[in-house]
Structures are given as structure tokens and as C-alpha cells.
Asks: 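Got a structure here, written out as C-alpha cells. Questions coming.
For clarity, every value in this text was computed on a predicted model and none was experimentally measured.
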Amino acid sequence: MPTRGTLFLLLWALPCLIFTGCAKSNQAESLGATAEGTVLLNGSPVEGAMVTFRSADRGLPSAFGRTDADGKFHLATSTGKSGVAPGEYRVVITKFETTAAEIPSEDDPNYAGGMNSQSQAVSVLPKKYADATSSPFKVTISEGDNTFDLALEN
């Protein structure tokens, strides 16, 4: 039969073990690598571009990131794990800007209460970078830290 001291120790230690175990299980497991880089178009940084690394063997999760004002990006996946899996990838880079069509004035018979605005998303990067089959960028991500500078040209 456990003594009062042993019982107290067990009741105190059990929550500590549970919380310690839970804390470890909530930490994101790493995929083994990190990847970052810079996107330049004709030598100038591209802000707001979506950079996607698509697995060449289809067995790895795709990684993606958006460029900042300096054209820099950091890749992540939607797996809940940190980093990027090592392997072969094809790189797709896209950037779209929205242009609003002119809204007819209230005097115009085509006026629909301002709801007739037909916005269009227009690609501002050369088309070849938006398709994995035509993109010239194929990369290998190795374990550890990886840096890729992607120079686009018109």
C-alpha cells in the first residue's frame, strides 16, 4: 500500500509528465530542410510574387512562399511540419495584378448600381515561369539550409 508521501508524489508528478509530453508533441516536426531565396525580374526585386516548388517525383509536398519588397521568400508547406522536404523540384513563379474595368456612370443605360465592375487578373511576369513544364527552374533541395536566387527575364 502506497504511503501518503508516495501518493502525493505520484499526484504531483503525473500532471508534470502529461504536460511535458503534450508540449513535445505540439512542436512541429521538421521535413529536414529550409529553403529561401530572391526573385529578380531583369535585375529588379519582384514584390508579391508567389513562388511554388512542385515536387518532381510527386511524392513530396509542394512548398510555397510570397516575396517581400526586396524579392525575398521563405518556403513552407501546408503539412503542419516545419521546413521543406529534401528532393527534386520544379519552380513556378506567378504574380497577378487586378485591373478594374471602367464602371459606367449612373446616366449610362448599362449602369448596374456599381456591381457591373469586371475586374481582371493580369499576369505581370512572363508566362513561361507560371507553368511547371515551361519553367526553366529545376532545383534540388538538400538537407539543411538552401538558398535559391531566381533571375527572371522578359
Side-chain angles (χ1 to χ4, degrees), residues 15-154:
C16 291
L17 291 172
I18 290 171
F19 289 123
T20 303
C22 291
K24 287 182 181 177
S25 67
N26 286 337
Q27 292 177 351
E29 182 182 333
S30 174
L31 291 171
T34 63
E36 62 184 22
T38 306
V39 175
L40 302 173
L41 176 61
N42 300 323
S44 298
V46 179
E47 180 179 7
M50 179 56 78
V51 181
T52 305
F53 280 39
R54 293 189 179 161
S55 173
D57 66 9
R58 306 249 185 220
L60 302 174
S62 293
F64 50 89
R66 187 167 303 277
T67 58
D68 63 15
D70 297 323
K72 296 188 181 297
F73 64 90
H74 301 277
L75 296 181
T77 66
S78 59
T79 63
K81 297 179 181 181
S82 67
V84 182
E88 301 288 323
Y89 292 84
R90 296 185 71 86
V91 181
V92 174
I93 306 167
T94 57
K95 180 178 178 182
F96 294 94
E97 291 182 353
T98 304
T99 59
E102 233 177 89
I103 299 173
S105 71
E106 291 181 23
D107 298 340
D108 191 317
N110 295 321
Y111 179 72
M115 302 304 289
N116 198 20
S117 172
Q118 295 181 358
S119 302
Q120 290 186 327
V122 178
S123 177
V124 296
L125 299 176
K127 191 176 181 178
K128 68 181 175 182
Y129 300 112
D131 184 357
T133 58
S134 62
S135 175
F137 300 117
K138 297 176 190 175
V139 299
T140 301
I141 294 181
S142 304
E143 287 199 25
D145 298 332
N146 297 264
T147 301
F148 302 98
D149 293 323
L150 306 169
L152 286 58
E153 297 178 357
N154 278 333

Asks: Assess, by modelled atom type and distance only, whether the side chains of Glu88 and Thr140 contain a donor and an acceptor separated by less than 3.5 Å.
Replies: yes
Asks: Could you go step by step and tell me if Glu36 and Asn146 meet the side-chain contact (heavy atoms from CB on, under 4.5 Å) rule?
Replies: CA-CA 6 Å; Glu36 62 184 22; Asn146 297 264; over 6 Å; no
Asks: Distance check, rounded to the nearest 0.5 Å: Ile93 atom CD1 versus Leu125 atom CG?
Replies: 7.5 Å
Asks: Which heavy atom of Ser134 sits nearest to which heavy atom of Lys127, and what is that distance?
Replies: OG-O, 4.4 Å
Asks: Leu150 and side-chain contact (heavy atoms from CB on, under 4.5 Å): which single residue from Leu40, Val51, Thr67 fits?
Replies: Val51
Asks: Using the side-chain contact (heavy atoms from CB on, under 4.5 Å) rule, take Thr94 and Val92 through it: C-alpha gap first, then chi angles, then the decisive distance, then the call.
Replies: CA-CA 7 Å; Thr94 57; Val92 174; 4.2 Å; yes
Asks: What heavy-atom pair brings Pro126 and Leu41 nearest, and what distance separates the two atoms?
Replies: CD-CD1, 4.2 Å
Asks: When you measure from the side chain of Lys138 to the backbone N and O of Tyr89, does any donor-acceptor pair fall under 3.5 Å?
Replies: no
Asks: Using the side-chain contact (heavy atoms from CB on, under 4.5 Å) rule, take Asp68 and Glu47 through it: C-alpha gap first, then chi angles, then the decisive distance, then the call.
Replies: CA-CA 5 Å; Asp68 63 15; Glu47 180 179 7; 5.9 Å; no
Asks: Determine yes or no for a side-chain-to-main-chain donor-acceptor pair under 3.5 angstrom, with Asp131 supplying the side chain and Thr133 the backbone.
Replies: yes
Asks: Determine the minimum heavy-atom distance between Glu29 and Lys81, stating which atoms define it.
Replies: O-CB, 2.9 Å
Asks: Looking only at non-hydrogen atoms, find the nearest pair between Leu31 and Gly83 and report the distance.
Replies: CD1-O, 3.6 Å
Asks: For a quick test of reading the model, state the closest non-hydrogen atom pair linking Lys72 to Thr38 and the distance between them.
Replies: NZ-OG1, 3.7 Å
Asks: Would you call Pro86 and Ser142 a side-chain contact if the rule is heavy atoms closer than 4.5 Å?
Replies: no
Asks: Is the distance between the ring centroids of Phe53 and Phe148 under 6.0 Å?
Replies: yes
Asks: Can you tell me if Arg90 uses its side chain to pair, donor with acceptor, with the backbone of Ala56 under 3.5 Å?
Replies: no
Asks: Please find the pair of heavy atoms, one from Arg54 and one from Ala132, that lie closest to each other, and give the distance.
Replies: NH1-CB, 4.0 Å
Asks: According to the interplanar angle, ranging from 0 to 90°, do the rings of Tyr129 and Phe137 count as parallel (below 30°), tilted (30 to 60°) or perpendicular (above 60°)?
Replies: parallel
Asks: Could you tell me whether the side chain of Ser55 and the main chain of Ser62 form a donor-acceptor pair under 3.5 Å?
Replies: no
Asks: Nearest 0.5 Å, what's the CE-CZ distance between Met50 and Phe73?
Replies: 11.5 Å
Asks: Rounded to the nearest 0.5 Å, how far does OG1 of Thr77 lie from CG of Leu60?
Replies: 10.5 Å
Asks: Where do Asn42 and Leu152 land on the side-chain contact (heavy atoms from CB on, under 4.5 Å) test, with the steps shown first?
Replies: CA-CA 6 Å; Asn42 300 323; Leu152 286 58; over 6 Å; no
